[in-house]
Amino acid sequence: PTTQATAAEPADGDSHDSPAVGVDHLVLTAEDMPEFGWEAVPAADVSGGLDVLEGFAESVRVDPEHCADVNQEEWLDQAEPGTMAIQAGQFEGTSYAVAVTTATDDLPGRADQVESCPVMTITFPMGDDELTTEARNTLLDLDAPAGVEEFAAVAQENSVDMMGQQLLSGSVIITGVVRGIGVSVTAAGTEGPVTEEARDTAMGVFDAQVEKIRSA
């Protein structure tokens, strides 16, 4: 699915009257988009995974240092039980994840963060050695759907030299806030940068997720 997203002013009261239902009822599911085969990521896995990420982040060096927040998963510190719901799926060989959360403190200013970190190096331990990857961040020229605040669409391309071979991977992360609910859609490619088709598909997922929250 692709999308033609258009920017529009939020309707009166639309951006801050949070839905009366919980995040588990707001996130997209297989009923909404069966072609992705969405499956819920259990809350225990989310919190456990975030604990691992948080511990992992402590052993990672990012240069420049102020870019560390760009590289870490959004909402790391605020993922309390009941504040986030995540669904994971696949479409035409690309992995996607969609998350909704009531913890939105990290989203304002994300576009500015990305613009200040066009290139960064990330060094992390691997056994007795270290591995360094170079990440290039680019803001994508995509329009926010109606009613979405703090919108940012970011493409990240990663390259790492491993045993004399350069391995490429990439992701697209689209974030925003609608009716006080944070939305994040990620498309991840393992064989090079995310394609334009996959990027458009991710934007289509973001649109669908926003519309579900707007209609709740």
Side-chain angles (χ1 to χ4, degrees), residues 1-3 5 10-11 13-57 69 71-92 94-108 110 142 144-154 171-188 194 198-216:
T2 59
T3 181
D14 183 43
S15 57
H16 296 295
D17 60 330
S18 296
V21 296
V23 288
D24 288 340
H25 296 284
L26 293 174
V27 72
L28 291 171
T29 66
E31 281 187 24
D32 301 306
M33 303 179 91
E35 64 271 27
F36 286 83
W38 294 119
E39 291 187 1
V41 179
D45 290 358
V46 174
S47 58
L50 291 174
D51 287 343
V52 170
L53 275 175
E54 205 161 26
F56 181 71
D69 288 342
N71 192 51
Q72 289 184 22
E73 186 65 32
E74 288 90 350
W75 316 308
L76 259 186
D77 299 328
Q78 294 131 333
E80 299 296 328
T83 64
M84 179 185 287
I86 300 177
Q87 294 265 340
Q90 283 206 335
F91 184 74
E92 294 185 348
T94 299
S95 296
Y96 295 86
V98 57
V100 298
T101 181
T102 56
T104 59
D105 290 354
D106 284 353
L107 288 177
R110 181 164 172 77
L142 298 175
V148 174
E149 302 170 336
E150 306 297 348
F151 179 77
V154 182
S171 62
V172 167
I173 304 170
I174 306 172
T175 53
V177 180
V178 60
R179 295 184 67 189
I181 302 296
V183 176
S184 173
V185 173
T186 303
V194 173
R199 182 202 71 189
D200 289 344
T201 298
M203 191 65 214
V205 173
F206 188 86
D207 278 353
Q209 180 59 79
V210 165
E211 183 56 35
K212 186 168 183 176
I213 294 170
R214 284 171 58 88
S215 302

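Numbers here are sequence positions counted from 1.
- For the residue pair Ala187 and Val194, the shortest heavy atom distance occurs at O-CG2, 3.6 Å.
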Could you walk me through whether Leu28 and Tyr96 pass side-chain contact (heavy atoms from CB on, under 4.5 Å), step by step? CA-CA 12 Å; Leu28 291 171; Tyr96 295 86; over 6 Å; no
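- Once rounded to the nearest 0.5 Å, the distance linking CZ of Phe206 with OG1 of Thr201 reads 15.0 Å.
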Carefully, step by step, assess Ile181 and Thr102 under the rule side-chain contact (heavy atoms from CB on, under 4.5 Å). CA-CA 5 Å; Ile181 302 296; Thr102 56; 4.0 Å; yes
Decide yes or no on side-chain contact (heavy atoms from CB on, under 4.5 Å) for Val27 and Trp38, but give the supporting numbers first. CA-CA 10 Å; Val27 72; Trp38 294 119; over 6 Å; no
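- Residue Val210 comes nearest to Ala146 through the heavy atom pair CG1-O, 4.4 Å, listed as atom of the first residue, atom of the second, then distance.
- The one candidate from Ile173, Thr175, Ile174 that meets the side chain to side chain contact (heavy atoms under 4.5 Å, CB included) condition with Thr186 is Ile173.
- In terms of the side chain to side chain donor-acceptor pair (under 3.5 Å) criterion, residue partners of Gln90 (sequence neighbours excluded) are, by chain and number, Ser95.
- With sequence neighbours excluded, no residue forms a side chain to side chain donor-acceptor pair (under 3.5 Å) with Thr94.
- Looking only at distances, a side-chain donor or acceptor of Arg179 sits under 3.5 Å from a matching main-chain atom of Ile213.
- Looking only at distances, a side-chain donor or acceptor of Thr101 sits under 3.5 Å from a matching main-chain atom of Thr83.
- Proximity of a side-chain donor or acceptor of Gln87 to a complementary backbone N or O of Glu39 within less than 3.5 Å is detected.
- Ile86 approaches Ala99 most closely through the heavy-atom pair CG1-CB, 3.7 Å.
- The salt bridge (charged side-chain N to carboxylate O under 4.0 Å, His left out) test applied to Asp24 returns no partner, not counting sequence neighbours.
- In this structure, Leu26 and Lys212 have side chains that are not in contact, with every pair of non-hydrogen atoms separated by 4.5 Å or more.
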